[in-house]
There are 2 protein chains.
Amino acid sequence: MRALHHPSRKSLTLTQVLYALSDPVRLAIVKHLAEDGGKACGTFCLPVAKSTASHHFRVLREAGVIEMQSEGTQCINSLRREDLDARFPGLLDSVLRASDPL
Amino acid sequence: MRALHHPSRKSLTLTQVLYALSDPVRLAIVKHLAEDGGKACGTFCLPVAKSTASHHFRVLREAGVIEMQSEGTQCINSLRREDLDARFPGLLDSVLRASDPL
DNA sequence: TCAATTGTTCTATTGTTTACGAACAATGGA
DNA sequence: TCCATTGTTCGTAAACAATAGAACAATTGA
């Protein structure tokens with residue numbers, strides 16, 4: 001697996017983050033990661049094909065919402081909480097809270 | 001002007017709101033309305049054609065982010081702050097705050 | 001080495017979004 | 001009534017996004 005690009009904290013943009021979070025599949029991923037981080041892509045039960053899931057993980061990564069690390073054949077995902085909180089204080093929390101009853 | 005449909009507070013969805021806010025033009029509209037509400041569509045200096053602006057106002061309205069009221073030939077816009085705060089506490093504030101240095 | 005696992009990339013399809021100009025509708029003032 | 005103002009709708013084009021299947025790459029274990 002080649003090196004994955006992650007945007008720097010500074011280069012995160014609000015509109016891109018909001019867009020990344022505005023898809024139900026991606027929001028579900030973020031919710032799961034908020035509950036327990038460090039999960040491999042395959043451990044999410046997503047209602048889409050593997051290739052589509054890969055696309056959604058990529059959108060989240062490129063928006064700076066998640067971090068992906070290769071770990072053997074799988075890749076471990078985690079929320080970029082600190083970066084998001086630093087750049088957009090309160091945003092992630094309010095989104096997670098708002099998505100609770102989902 | 002015919003009656004404009006506004007979704008009820010209950011029917012607002014997080015993903016729809018996030019999507020509505022994820023466009024730079026729409027975010028600019030929301031920012032302006034947060035500073036001074038009750039502005040007509042024409043008072044916004046937007047970098048798009050009239051018809052395109054109309055589209056963006058509509059997306060915001062249908063997501064439940066803004067309220068539009070006919071007032072003569074113009075239409076007065078305002079943020080649905082109470083509804084948004086009730087449904088998604090802290091979300092609007094964090095978005096507005098995050099968009100400050102924009 | 002071979003096969004299984006995990007995820008990415010490529011290609012294609014389908015539908016959505018953004019955008020604009022032109023035409024239209026509604027209102028209000030001259 | 002006529003005209004200006006304001007905003008919506010329509011038709012259309014270009015760009016983008018979500019989806020899936022097939023092929024591919026990297027790793028791990030047998």
Side-chain angles (χ1 to χ4, degrees), chain A residues 1-7 13-30 32-33 36-78, chain B residues 1-7 13-30 32-33 36-78:
Chain A
M1 250 157 241
R2 79 167 62 69
L4 299 167
H5 176 254
H6 291 81
T13 70
L14 178 60
T15 49
Q16 209 179 350
V17 168
L18 291 174
Y19 179 78
L21 296 174
S22 73
D23 179 276
V25 173
R26 293 194 291 263
L27 190 55
I29 292 172
V30 169
H32 284 134
L33 285 178
D36 27 9
K39 300 181 69 177
C41 294
T43 64
F44 297 79
C45 282
L46 301 173
V48 291
K50 198 171 53 160
S51 54
T52 304
S54 185
H55 158 73
H56 284 306
F57 279 101
R58 177 175 168 158
V59 170
L60 286 170
R61 173 172 55 78
E62 292 184 339
V65 176
I66 66 173
E67 194 190 347
M68 303 175 74
Q69 292 171 289
S70 285
E71 192 90 25
T73 64
Q74 43 190 20
C75 85
I76 305 301
N77 300 279
S78 55
Chain B
M1 247 155 246
R2 81 167 60 67
L4 299 168
H5 176 252
H6 291 82
T13 70
L14 178 59
T15 48
Q16 209 179 352
V17 169
L18 291 174
Y19 178 77
L21 296 174
S22 73
D23 179 275
V25 172
R26 293 194 290 264
L27 190 55
I29 293 171
V30 170
H32 283 134
L33 285 178
D36 26 11
K39 298 180 69 178
C41 294
T43 65
F44 296 79
C45 281
L46 301 173
V48 292
K50 197 172 55 160
S51 54
T52 304
S54 185
H55 158 73
H56 285 304
F57 279 102
R58 177 174 166 161
V59 171
L60 287 170
R61 172 172 55 78
E62 291 183 340
V65 176
I66 66 173
E67 194 190 346
M68 302 174 75
Q69 292 171 289
S70 285
E71 192 90 25
T73 64
Q74 44 190 19
C75 84
I76 305 301
N77 299 279
S78 54

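The structure displayed is predicted, hence computed values, not measured ones. Chain letters run A, B, ... following the sequence lines, proteins first, then strands; residues in each count from 1.
Residue Glu71(A) contributes atom CD, which lies 14 Å from atom P of dT8(C) at whole-angstrom precision. What separates CG of Leu46(B) from P of dT18(C) is a distance of 14 Å, to the nearest Å. Note: CG (Leu18(A)) to P (dA17(D)) measures 15 Å, nearest angstrom. Atom pair Gln69(B):CD and dG7(D):C1' shows a separation of 16 Å (rounding to whole Å applied). Counting to the nearest Å, the P atom of dT16(C) and the CD atom of Glu62(B) are 14 Å from each other. If you take CD of Gln16(B) and C1' of dT16(C), they are 14 Å apart, rounded to a whole angstrom. Atom P of nucleotide dT9(D) and atom CZ of Phe57(B) are separated by 14 Å, given to the nearest angstrom. The NE2-C1' distance, from His5(B) to dT8(D), rounds to 17 Å in whole Å.
In plain terms, the two heavy atoms of Phe44(A) and Ile29(A) that are nearest each other are CE2-O, 3.7 Å. Across all their heavy atoms, Ala53(B) and Leu46(B) have their closest contact at CB-CD1, 4.0 Å. In terms of heavy-atom proximity, Leu27(B) sits nearest to Thr15(A) at CD2-CG2, 3.8 Å. Taking each heavy atom of Val17(B) and Ala63(B) in turn, the nearest pair found is CG2-O, 3.6 Å. Heavy atoms only, all atoms of each residue included: Ala40(B) and Asn77(B) are closest at C-ND2, 3.8 Å. When all heavy atoms of His6(A) and Met68(A) are compared, the closest pair comes out as NE2-N, 2.9 Å.
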Which atom pairs link the protein and nucleotides 1-5 of chain D when you take only N or O atoms and keep those under 3.5 Å?
none

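Note that NZ of Lys50(A) is 11.5 Å distant from OG1 of Thr52(A), once rounded to the nearest 0.5 Å.
Taking every side-chain heavy atom of Cys75(A) into account, dG7(C) is the closest of dG7(D), dT8(D), dG7(C). Taking only side-chain atoms of Val25(A), from C-beta outward, the nucleotide of dT8(D), dA18(D), dT19(D) with the closest atom is dT19(D).
The phosphate of dT18(C) has OP1 or OP2 within less than 4.0 Å of a side-chain N or O from Tyr19(B). Phosphate contact (OP1/OP2 of dG7(C), side-chain N/O of Arg58(A), threshold under 4.0 Å): absent.
Near DNA chain D, defined here as any heavy-atom distance below 4.0 Å, the residues from residues 48-56 of chain B are Lys50(B), Ser51(B), Ser54(B), listed numerically.
Counting only residues at least two apart or in different chains, side chain to side chain donor-acceptor pair (under 3.5 Å) contacts with residues 18-28 of chain A comprise Arg26(A)-His56(A).
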Check your understanding: Which is it for Arg61(A) and Arg58(A) under the side chain to side chain contact (heavy atoms under 4.5 Å, CB included) test, yes or no, and what are the steps along the way?
Key -> CA-CA 5 Å; Arg61(A) 173 172 55 78; Arg58(A) 177 175 168 158; 3.6 Å; yes

